Visitor: 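Sharing a structure here in structure tokens format.
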Amino acid sequence: MEDHHGPHHPSDSCEKRELNAHSPLRDLKLASHAVLEKAQQQGRLKCHKCGGSRMFFCYTCCSLVGVVENEIPSVKLPVKIDIIKHPNETDGKSTAVHAKILAPSDVNIYTYPCIPEYERENVVLVFPGPGAVTMQDMMQSLSHGAAKRSHDSTDEHCLKRLRTGEPTEATHIVNDLGSGAPDEAKGLESKACPLQRVVFIDSTWNQTNKIITDERLQSLLQVELTMRKTCFWRHQKGKPDTYLSTIEAIYYFLKDYHEHCLAQDYTGEYDNLLFFFSYLHSLITKAKTSAGKL
């Protein structure tokens with residue numbers, strides 16, 4: 001990512017449009033990249049926190065460099081995102097920082113072995129494997145768990161009232177839901193989503209085993225994404241093109257979640273998570289084309 005920020009020339013716009021016409025990222029609804037083009041003309045600047053020479057943002061400090069906060073898009077996510085980063089993952093090669101900068105209030109990055117304590121009932125881990133479930137199965141599993149916990153809680157509540165001689169209200173609750181508007185009750189149920197947090201692992205595929213086998217993650221429901229091809233320019237040797245970069249995995253998970261779990265039409269709500277990714281992709285594609293490598 002660090003070696004591809006060449007000078008921008010206005011005369012290149014025609015060539016850029018031509019490249020974009022064939023880009024798999026071309027249909028994204030993105031904020032204008034004009035601010036990045038301007039920052040690119042300035043060249044690298046020092047991060048005000050660590051002093052490192054950076055372009056656009058500091059991947060060490062998760063702070064902007066050469067652009068200010070109100071010049072870039074801010075994305076609000078429907079769930080919280082935790083990224084567990086392998087300690088040997090090179091910061092400058094990771095796309096995890098994109099998520100933290102673009103959705104700062106909803107994304108946290110931890111460096112392994114630092115892993116938060118999770119309540120398995122409302123947290124899932126996105127990672128493929130023999131025990132992983134689909135997005136649809138994920139919602140079924142979470143909803144079943146939530147219903148069971150609610151039922152257990154109601155039973156416990158009723159038992160306490162019976163022991164103390166107080167009248168139970170369980171029958172009134174059932175009658176309220178059963179009479180009147182079943183469709184309305186069903187609608188409220190569908191809107192109540194038990195998922196609160198999603199965990200991603202930021203690592204090369206060869207380094208993931210140590211993190212994925214950590215007992216603190218073992219109890220989490222494991223979810224795999226619909227198969228998609230990566231647009232990442234750092235292809236891992238010997239790995240299929242369905243192995244996504246971290247920011248792509250987060251984006252595609254949220255898009256699927258929006259459509260299949262929230263049951264809403266997707267109209268680009270999370271496209272700006274790929275704001276930096278798409279710009280860097282276009283730069284690197286252009287550089288490779290100029291060098292005759294594409």
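Everything numeric here is computed off the predicted structure, so don't read it as measured data.
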Visitor: I want to know whether His98 and Phe57 have ring centres closer than 6.0 Å.
Guide: yes

Visitor: Tell me, do Tyr110 and Ile83 make a side-chain contact under 4.5 Å, heavy atoms counted?
Guide: no

Visitor: Output a table of donor-acceptor pairs, distance under 3.5 Å, between side-chain atoms of residues 64-80 and any protein atom two or more places apart or on a different chain; print 'none' if there are none.
Guide:
{"residue": "Glu71", "atom": "OE1", "partner": "Val68", "partner atom": "N", "Å": "3.0"}
{"residue": "Lys76", "atom": "NZ", "partner": "Asp106", "partner atom": "OD1", "Å": "3.2"}
{"residue": "Lys80", "atom": "NZ", "partner": "Ser105", "partner atom": "O", "Å": "3.0"}
{"residue": "Lys80", "atom": "NZ", "partner": "Asp106", "partner atom": "OD1", "Å": "2.8"}

Visitor: Name all residues meeting the side chain to side chain donor-acceptor pair (under 3.5 Å) criterion together with Ser245; count only those two or more places apart in sequence or in a different chain, and write none if there are none.
Guide: Glu248

Visitor: For Glu89, give me all partners under side-chain contact (heavy atoms from CB on, under 4.5 Å), at least two apart in sequence or on another chain.
Guide: Lys85, His86, Ser94, Asp202, Thr204, Gln207

Visitor: Within a strict 4.5 Å, meaning less than it, do heavy atoms of the Phe232 and Thr95 side chains meet?
Guide: yes

Visitor: If the plane angle is over 60° it's perpendicular, under 30° parallel, otherwise tilted; pick one for Phe200 and Phe253.
Guide: perpendicular

Visitor: Which pairs, with at least one residue in residues 210-220 and sequence neighbours excluded, count as a side chain to side chain donor-acceptor pair (under 3.5 Å)?
Guide: Tyr112-Asp214, Asp214-Arg216

Visitor: Can Thr60 and Arg54 be counted as having a side-chain donor-acceptor contact under 3.5 angstrom?
Guide: yes

Visitor: Regarding Asp256 and Tyr266, is there a side-chain donor-to-acceptor distance under 3.5 Å anywhere?
Guide: no

Visitor: Considering non-hydrogen atoms only, spot the tightest contact between Tyr118 and Asp82 and give its length.
Guide: OH-OD2, 2.7 Å

Visitor: In chain order, what residues pass the side-chain contact (heavy atoms from CB on, under 4.5 Å) check against Lys46, with sequence neighbours excluded?
Guide: none

Visitor: Not counting sequence neighbours, which residues clear side-chain contact (heavy atoms from CB on, under 4.5 Å) with His48? List them please.
Guide: Ser63

